[in-house]
Engineer: 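Below is one structure. I have some questions about it.
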2 protein chains.
Amino acid sequence: VRRSVRMSVIHSVKLLGIGILVAILSLEGLNWLYFRLRQRCSGRPLKEVLFFPTTVTCIEHLFQPHPRVSPCLCRLPHGLETPFTRLLRHLLSARFTLDLCIFAFSSQELCRAVLLLHRQGVVVRVLTDKDYMAIDGSQIGSLRKAGIAVRHETGDFHMHHKFAVADRRLLITGSLNWTATAVQGNKENVLVTEDAAFVRPFLREFEELWDANDPARLSFGPALRELKK
Amino acid sequence: VRRSVRMSVIHSVKLLGIGILVAILSLEGLNWLYFRLRQRCSGRPLKEVLFFPTTVTCIEHLFQPHPRVSPCLCRLPHGLETPFTRLLRHLLSARFTLDLCIFAFSSQELCRAVLLLHRQGVVVRVLTDKDYMAIDGSQIGSLRKAGIAVRHETGDFHMHHKFAVADRRLLITGSLNWTATAVQGNKENVLVTEDAAFVRPFLREFEELWDANDPARLSFGPALRELKK
């Protein structure tokens, strides 16, 4: 009897051990799953909407790699965060690539930001509209002079997009052309997002338009084609 | 001894029971948490990107409450899903309200969709740009004649937005003006989303612009103000 009782105790202890093991494993699993799903849920991609027009403020600090020692002496308001400073910050966050697809580009501040990125080694590609490329104050020439790759649509209709993708990760898109009038005068909107559901289609669109407007593909009429023979 | 053995067996069984209970509760908790978080993650709002230009197809079926018995005899392609049919479908999904903030509106098909919604009892509000309101082919007059509330910006700059919010739930926004040239010719983009992080700011922007352009707030210069005295 004593032996059978001892067996039953051992058996109970074994079962108890298994129970505790199951409990521990369950709790571990619970923990793992909770953090995995929470990461998926709360690691939500950036979503920001900016509305224009914006008040004009000093933006010098955005172009400085480190906080300025001497304060900026210009007469514009300092230290204000506006839709335009937000836009510039997002744009200047590019580290590797900037794909820019823009109808009208005459804003000197935005041009300065793109030129700075180019100097920092970011691979910049600009796709624009052939008619608006040549308007007064267009910055496309400055970009080209700096050695940035620029292509333009050649069809009868407008390349009316106004979007940028930084590092194939961050999409900036909306109604805003990159002009001072749009930034400081018009009612405009800009969406900024890292949501891949939006970023991916825009990346595809950029690549398609970039390839379609490769100058090497342009035909220069029968005369040149004859020459090439 | 037998009593102490019996006590130890009872004790072991109790512990086993607690172990099993913890295991069951853990598994239940795991299950609950998994489904709760999965729901939060997978109940993702609609996110769609449409690119233009689009091929022109027959869109008659979109305006019919029920599938047509007799086939449409027009010469356009039938049964194709294009970015434009997607845009129309989203627009026509409005059941209660449609807030439309649009720079240029001359597309007859989009106007027909808005008029249909209005006839179906959807409360439509249209905010537009004063200069583009009067261009050739503008549909703003048709909307006004049908009794739709239209307001327009009165400042020196453009009301350059091109967005619509259906039922305070679905945002349609992008570079696309509601013109035939934009739909059939230009390179354009439209984002369609139910993501509240994007919808809410646009709703706020609409309400602000709608209030700011209330005709009752307009002043008609010193002459009229004198008359009112």
Side-chain angles (χ1 to χ4, degrees), chain A residues 1-2 5-6 8-9 11-13 15-23 25-27 29-30 33-34 37-38 40-41 44 47-49 51 53 101 103 153 155-163 173-177 181-182 184-189 191 193 195 197-198 200-202 205 209, chain B residues 1-2 5-6 8-9 11-13 15-23 25-27 29-30 33-34 37-38 40-41 44 47-49 51 53 101 103 153 155-163 173-177 181-182 184-189 191 193 195 197-198 200-202 205 209:
Chain A
V1 170
R2 190 177 279 182
V5 166
R6 193 195 287 161
S8 110
V9 169
H11 192 66
S12 299
V13 169
L15 277 175
L16 179 68
I18 292 168
I20 290 168
L21 197 71
V22 168
L25 287 177
S26 300
L27 283 168
L30 188 78
L33 208 71
Y34 175 74
L37 285 177
R38 204 181 66 160
R40 263 183 71 184
C41 282
R44 276 176 185 154
K47 290 168 192 173
E48 198 172 326
V49 185
F51 289 104
C101 201
F103 179 54
E153 281 265 295
D156 292 331
F157 294 100
H158 283 312
M159 200 302 294
H160 199 244
H161 289 306
K162 312 105 172 28
F163 72 83
T173 187
S175 68
L176 186 96
N177 285 302
T181 306
Q184 295 167 26
N186 292 352
K187 301 291 188 300
E188 306 271 5
N189 63 77
L191 282 88
T193 183
D195 192 329
F198 293 123
R200 271 194 305 260
F202 277 90
E205 175 77 355
L209 293 181
Chain B
V1 171
R2 188 178 282 180
V5 166
R6 191 193 287 160
S8 113
V9 169
H11 192 67
S12 299
V13 168
L15 277 176
L16 179 67
I18 291 167
I20 289 170
L21 198 68
V22 168
L25 286 177
S26 299
L27 283 168
L30 190 79
L33 208 71
Y34 176 75
L37 285 176
R38 206 181 65 162
R40 264 182 73 183
C41 281
R44 275 174 186 155
K47 290 167 192 173
E48 197 171 328
V49 185
F51 289 103
C101 202
F103 178 55
E153 281 265 298
D156 291 331
F157 294 100
H158 283 313
M159 201 300 296
H160 199 245
H161 288 307
K162 313 105 173 27
F163 72 83
T173 188
S175 68
L176 186 96
N177 285 303
T181 306
Q184 296 167 25
N186 292 351
K187 300 292 189 298
E188 307 271 6
N189 63 77
L191 281 87
T193 183
D195 192 329
F198 293 123
R200 271 194 304 258
F202 277 90
E205 175 77 356
L209 294 180

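Since the structure is predicted, the reported quantities are computational estimates derived from the model, not experimental observations. Numbered from 1 within each chain, the chains take letters A, B, ... in sequence-line order. The figures here come from the full heavy-atom set of this structure, side chains too, leaving out hydrogens, waters and symmetry mates.
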Engineer: To the nearest 0.5 Å, tell me how far B:S26 OG sits from A:L27 CG.
Structural biologist: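 CG of A:L27 is found 4.0 Å from OG of B:S26.
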Engineer: Find the one option among B:C101, B:S12, B:A182, B:A23 whose heavy-atom pairs under 4.5 Å with chain A are most numerous.
Structural biologist: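 Looking at each option in turn, the highest pair count goes to B:A23.
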Engineer: Determine the option with the most heavy-atom pairs under 4.5 angstrom with chain A, choosing from B:V22, B:L15, B:V9.
Structural biologist: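 Top option by heavy-atom pairs under 4.5 Å: B:L15.
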Engineer: Side chain from CB out, backbone as N, CA, C, O: work out which of these in B:F51 comes under 4.5 Å of a heavy atom of chain A, or both, or neither.
Structural biologist: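 Side chain only.
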Engineer: Which atoms of B:L209 are under 4.5 Å from chain A, going by heavy atoms: the side chain, the backbone, both sets, or neither?
Structural biologist: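 For B:L209, the contact with chain A is made by the side chain alone.
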Engineer: At a heavy-atom separation under 4.5 Å, does B:D156 approach chain A through its side chain, its backbone, both, or neither?
Structural biologist: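 No part of B:D156 comes within 4.5 Å of chain A.
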Engineer: Looking at A:V13, A:D195, A:L21, A:I20, which one has more heavy-atom pairs under 4.5 Å with chain B than the rest?
Structural biologist: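 Highest number of pairs under 4.5 Å: A:D195.
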Engineer: What's the spacing between A:F198 CZ and A:F163 CZ if we round to 0.5 Å?
Structural biologist: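 One finds 14.5 Å between CZ of A:F198 and CZ of A:F163.
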Engineer: Taking salt bridge (charged side-chain N to carboxylate O under 4.0 Å, His left out) as the test, write out the residues that go with A:E48, two or more places apart.
Structural biologist: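 A:E48 satisfies salt bridge (charged side-chain N to carboxylate O under 4.0 Å, His left out) with A:R86 once adjacent residues are dropped.
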Engineer: ring-ring contact (aromatic ring centres under 6.0 Å, His included) with B:F103: which residues, sequence neighbours excluded?
Structural biologist: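 In terms of ring-ring contact (aromatic ring centres under 6.0 Å, His included), with neighbours along the sequence ignored, B:F103 is linked to B:Y132, B:H158, B:H160.
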Engineer: Would you say the side-chain atoms of B:S175 pair up with the backbone N or O of B:N189, donor to acceptor, closer than 3.5 Å?
Structural biologist: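 Checking the backbone N and O of B:N189 against the side chain of B:S175, a donor-acceptor pair under 3.5 Å is found.
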Engineer: What residue, out of B:G19, B:G185, B:G17, has the most heavy-atom pairs lying under 4.5 Å from chain A?
Structural biologist: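 The candidate making the most pairs under 4.5 Å is B:G185.
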Engineer: Can you see which heavy atom on B:T173 is nearest to which on A:L191, and at what distance?
Structural biologist: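 Answer, listing the atom of B:T173 first, then A:L191: CG2-CD1, 3.9 Å.
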Engineer: In terms of heavy-atom pairs under 4.5 Å with chain B, which of A:H161, A:E188, A:K47, A:H11 leads?
Structural biologist: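 Most heavy-atom pairs under 4.5 Å with chain B: A:H161.
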